[in-house]
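First the structure, in the form of structure tokens, and then the observations on it.
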Amino acid sequence: MPLFDGITPRIIETPRLAVNILERPADDPATPAERTVVLLHTAPGSSLFWQEIIEDLPSDVRPIAIDLRGFGGTEHLPVDATRGVRDFADDVRATLEALGLDAVHIVGWGLGGAVAMQYALDHAVLSLSLLSPVSPYGFGGTNPDGTRLTDDDAGCGGGAVSASLVARLTARDDGHADGSPRAVFRTTFVSRDYDSDNEDTWVEAMLATSTAEGNYPGDSVPSDNWPGFAPGRLGVQNALAPANLDLSAIAELGARRDAPPVLWVRGEGDLIVADGSFAESGHLGEIGAIPGWPGVEVAPAQQMVTQTREVLERYRAAGGQVTEVVIEGVGHAVHLERPGKVRTAILSTIGYLGTPLSPAPPTEAIILSSWD
């Protein structure tokens, strides 16, 4: 496990499973909740992806990066996809209870953003920072208003993930060939201009993904609907299918007196979470990458960003605070490409800094230039 200086792993035994975390041993375990930040990673990935942020946070802020089940050093127990991301959220809760923590600040990236929203629906949080989060209506297979395209969520789930990528993850292939985790990282996680001495660590984070039954990406079943497959009942990507995942009730939390401030950061060049995602069947069919596309009336590309904005605007309209930050020239891994901007935005959201990023009006976003 490639670890940066001052960062160490620790296994936390919980009643649900053994959970691996990354932390800075120099941090004070008595750090108050107001300065405790929990970091949840994307898929494929692990807590290794958070190391630059962990390393650079102030010494009086306590970051804790959690490996979700089936990733990194956490037990590789199956994911019950019919529960959406509740297995993950329940694991996070068990981990925080074992650490003696209650309400804290939660940061989630991609899959971790969905887990963060589910956690906030089930438990008190002090703030939510969502980096390139999955749409509140799941991944794929929905109309702009979040309604499902088919009764079986055809085109969603484990079957939508490249079989070549899964095979290379299983083989722990850290090479440069097309379809390898490294190639996927370079072409979809970050922008073309990104270059880092830490790329091997980021690839190792992806390789720390279990592809065992019930983990990533999950099983699929045949479907009579285009493109011929639908999600099974186990696994990470199946947990994101719209039948299993609807987090739009997060909007209602905005009416609570203790509604947590929400930060939404996204890369302007994100190819994974987008209104036209290169990982989503509807868009791939529209551009001819999946044959037999039945047309926009039957299988439109999911409007992921539009859906997230609509839900968060309802959160704001109910009384909650939402700040949307769009960073130009970067992709899905916003915190890797512009760590300084993301760190500042998170510290502002948790109240550690002043408020240099004031909440944007409902129809606008804060646009940040590409330099860091």
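- Using a cutoff of 4.0 Å between basic side-chain nitrogens and carboxylate oxygens, Arg343 and Glu52 are not scored as salt-bridged.
- Residues Ser191 and Glu337 have side chains that bring a donor and an acceptor to within less than 3.5 angstrom of each other.
- Grouping the Ile, Leu, Val, Met, Phe, Trp and Tyr side chains by contacts below 4.5 angstrom, directly or via other members, places Leu353 with Val342.
- Aromatic ring pairs are classed by plane angle as parallel below 30°, tilted from 30° to 60° and perpendicular above 60°; the pair Phe88 and Phe71 is tilted.
- We find that Arg314 and Glu252 are not joined by a salt bridge, their nearest charged nitrogen and carboxylate oxygen being 4.0 Å or further apart.
- Put simply, CD on Glu310 and OG on Ser248 are 8.0 Å apart, with the number rounded to the nearest 0.5 Å.
- Side-chain N/O atoms of Asp67 and Ser47 include a donor and acceptor closer than 3.5 Å.
- You'll find the side chain of Arg35 stays beyond 4.5 Å of the side chain of His105, heavy atoms only.
- Between Ser132 atom OG and Met304 atom CE the span is 12.0 Å, to the nearest 0.5 Å.
- Using modelled atom types, no side-chain atom of Gln302 and backbone atom of Pro300 make a donor-acceptor pair closer than 3.5 Å.
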Q) Going through the distances and angles, do Arg83 and Asp87 end up as a salt bridge (Lys or Arg N to Asp or Glu O under 4.0 Å)? A) CA-CA 7 Å; Arg83 301 188 70 227; Asp87 274 356; 2.6 Å; yes

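- Looking at Arg69 and Leu17, their side chains come closer than 4.5 Å, going by heavy atoms from C-beta outward.
- Two residues are said to be in side-chain contact when any heavy atoms from C-beta on lie closer than 4.5 Å; Leu99 and Ile64 meet this criterion.
- In plain terms, the two heavy atoms of Ala154 and Ser223 that are nearest each other are CB-OG, 3.6 Å.
- Tracing side-chain contacts under 4.5 Å through hydrophobic residues (I, L, V, M, F, W, Y), one never reaches Leu234 starting from Leu169; they form parts of separate clusters.
- Nearest heavy-atom pair, Ala183 versus Asp178, reported as atom, atom and distance to 0.1 Å: CB-CA, 4.3 Å.
- In this structure, CZ on Phe139 lies 7.0 Å from CD on Glu280, to the nearest 0.5 angstrom.
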(Q) The test is salt bridge (Lys or Arg N to Asp or Glu O under 4.0 Å); show your working for Arg93 and Asp102 and say whether it passes. (A) CA-CA 9 Å; Arg93 180 60 178 173; Asp102 192 9; 3.3 Å; yes

Q | salt bridge (Lys or Arg N to Asp or Glu O under 4.0 Å) between Arg16 and Glu75, intermediate numbers included | A | CA-CA 10 Å; Arg16 295 178 55 80; Glu75 275 193 83; over 6 Å; no

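- To the nearest 0.5 Å, atoms CG (Asn238) and OG (Ser220) are separated by 7.5 Å.
- Residues Thr201 and Gln51 have side chains that never bring a donor and an acceptor to within less than 3.5 angstrom of each other.
- Under the salt bridge (Lys or Arg N to Asp or Glu O under 4.0 Å) criterion, no residue pair touches residues 208-233, with sequence neighbours excluded.
- Nearest approach of Ala160 to Ser281, heavy atoms of both residues: CB-OG, 4.2 Å.
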Q: Could you walk me through whether Ser180 and Asp173 pass the side-chain hydrogen bond (donor to acceptor under 3.5 Å, both in side chains) test, one step at a time?
A: CA-CA 7 Å; Ser180 67; Asp173 178 358; 5.5 Å; no

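- The environment of Asp5 atom CG is sparse: at most 12 non-hydrogen atoms of other residues, nucleotides or ligands sit within 6.0 angstrom.
- Grouping Ile, Leu, Val, Met, Phe, Trp and Tyr by side-chain contacts under 4.5 Å, direct or through others, puts Phe278 with Trp226, Leu271, Leu284, Ile287, Ile290, Trp293, Val296.
- Formation of a donor-acceptor pair under 3.5 Å by the Ser277 side chain with backbone atoms of Ala274 is not found in this model.
- Between Tyr194 and Phe185, the two ring planes are perpendicular [angle over 60°; tilted spans 30° to 60°].
- Side-chain heavy atoms closer than 4.5 Å link hydrophobic residues (I, L, V, M, F, W, Y) into clusters, and following such links, possibly through other members, connects Val161 to Val203.
- Side chains of Asp60 and Tyr352: a donor-acceptor N/O pair is present below 3.5 angstrom, by distance only.
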Q: Evaluate the salt bridge (Lys or Arg N to Asp or Glu O under 4.0 Å) criterion for residues Arg172 and Glu204: first the C-alpha distance (whole Å), next the side-chain angles of each, then the deciding distance (0.1 Å), finally the verdict.
A: CA-CA 9 Å; Arg172 293 189 55 80; Glu204 181 62 30; 2.6 Å; yes

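- No side-chain donor-acceptor contact under 3.5 Å links Asn20 and Thr74.
- Under a hydrophobic clustering in which Ile, Leu, Val, Met, Phe, Trp and Tyr are joined whenever their side-chain heavy atoms come within less than 4.5 Å, directly or via other members, Leu40 and Leu126 fall into different clusters.
- Note: Glu55 CD to Phe4 CZ = 6.0 Å, rounded to the nearest 0.5 Å.
- Side chain to side chain, His332 and Asp270 meet the donor-acceptor criterion of an N or O pair below 3.5 Å.
- Here the two rings, on His41 and Trp50, have centers that are 6.0 Å apart or farther.
- Counting only heavy atoms from C-beta outward, the side chains of Leu48 and Leu3 approach each other to under 4.5 Å.
- Between Asp27 and Arg24 there is a salt bridge, with a side-chain nitrogen of the basic residue lying less than 4.0 Å from a carboxylate oxygen of the acidic one.
- Using modelled atom types, one finds no donor on one side chain facing an acceptor on the other under 3.5 Å when comparing Thr14 with Thr95.
- Glu268 approaches Glu328 most closely through the heavy-atom pair CB-CA, 3.8 Å.
- Taking 4.0 Å as the cut-off between side-chain N and carboxylate O, Asp246 and Arg148 do not count as a salt-bridged pair.
- Ion pair Arg10/Glu23 flagged as a salt bridge, since at least one NZ, NE, NH1 or NH2 atom sits closer than 4.0 Å to an Asp/Glu carboxylate oxygen.
- Both Leu101 and Tyr119 are assigned to one and the same hydrophobic cluster, defined by single-linkage of ILVMFWY side chains at heavy-atom distances under 4.5 Å.
- Between Asp153 and Pro242, the shortest heavy-atom contact is OD1-CG, 3.4 Å.
- Under the 3.5 Å distance criterion, with hydrogens and angles disregarded, a donor-acceptor pair is assigned to the side chains of Thr82 and Asp80.
- Atom CZ of residue Phe49 and atom CG of residue Leu22 lie 12.5 Å apart, to the nearest 0.5 angstrom.
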Q: Before giving the answer on side-chain hydrogen bond (donor to acceptor under 3.5 Å, both in side chains), spell out for Thr308 and Ser135 the whole-Å C-alpha distance, their side-chain angles and the decisive distance to 0.1 Å.
A: CA-CA 5 Å; Thr308 299; Ser135 164; 4.6 Å; no

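- Using a 4.5 Å heavy-atom threshold, the side chains of Leu96 and Val104 count as touching.
- Nearest heavy-atom pair, Ser196 versus Trp202, reported as atom, atom and distance to 0.1 Å: OG-NE1, 3.9 Å.
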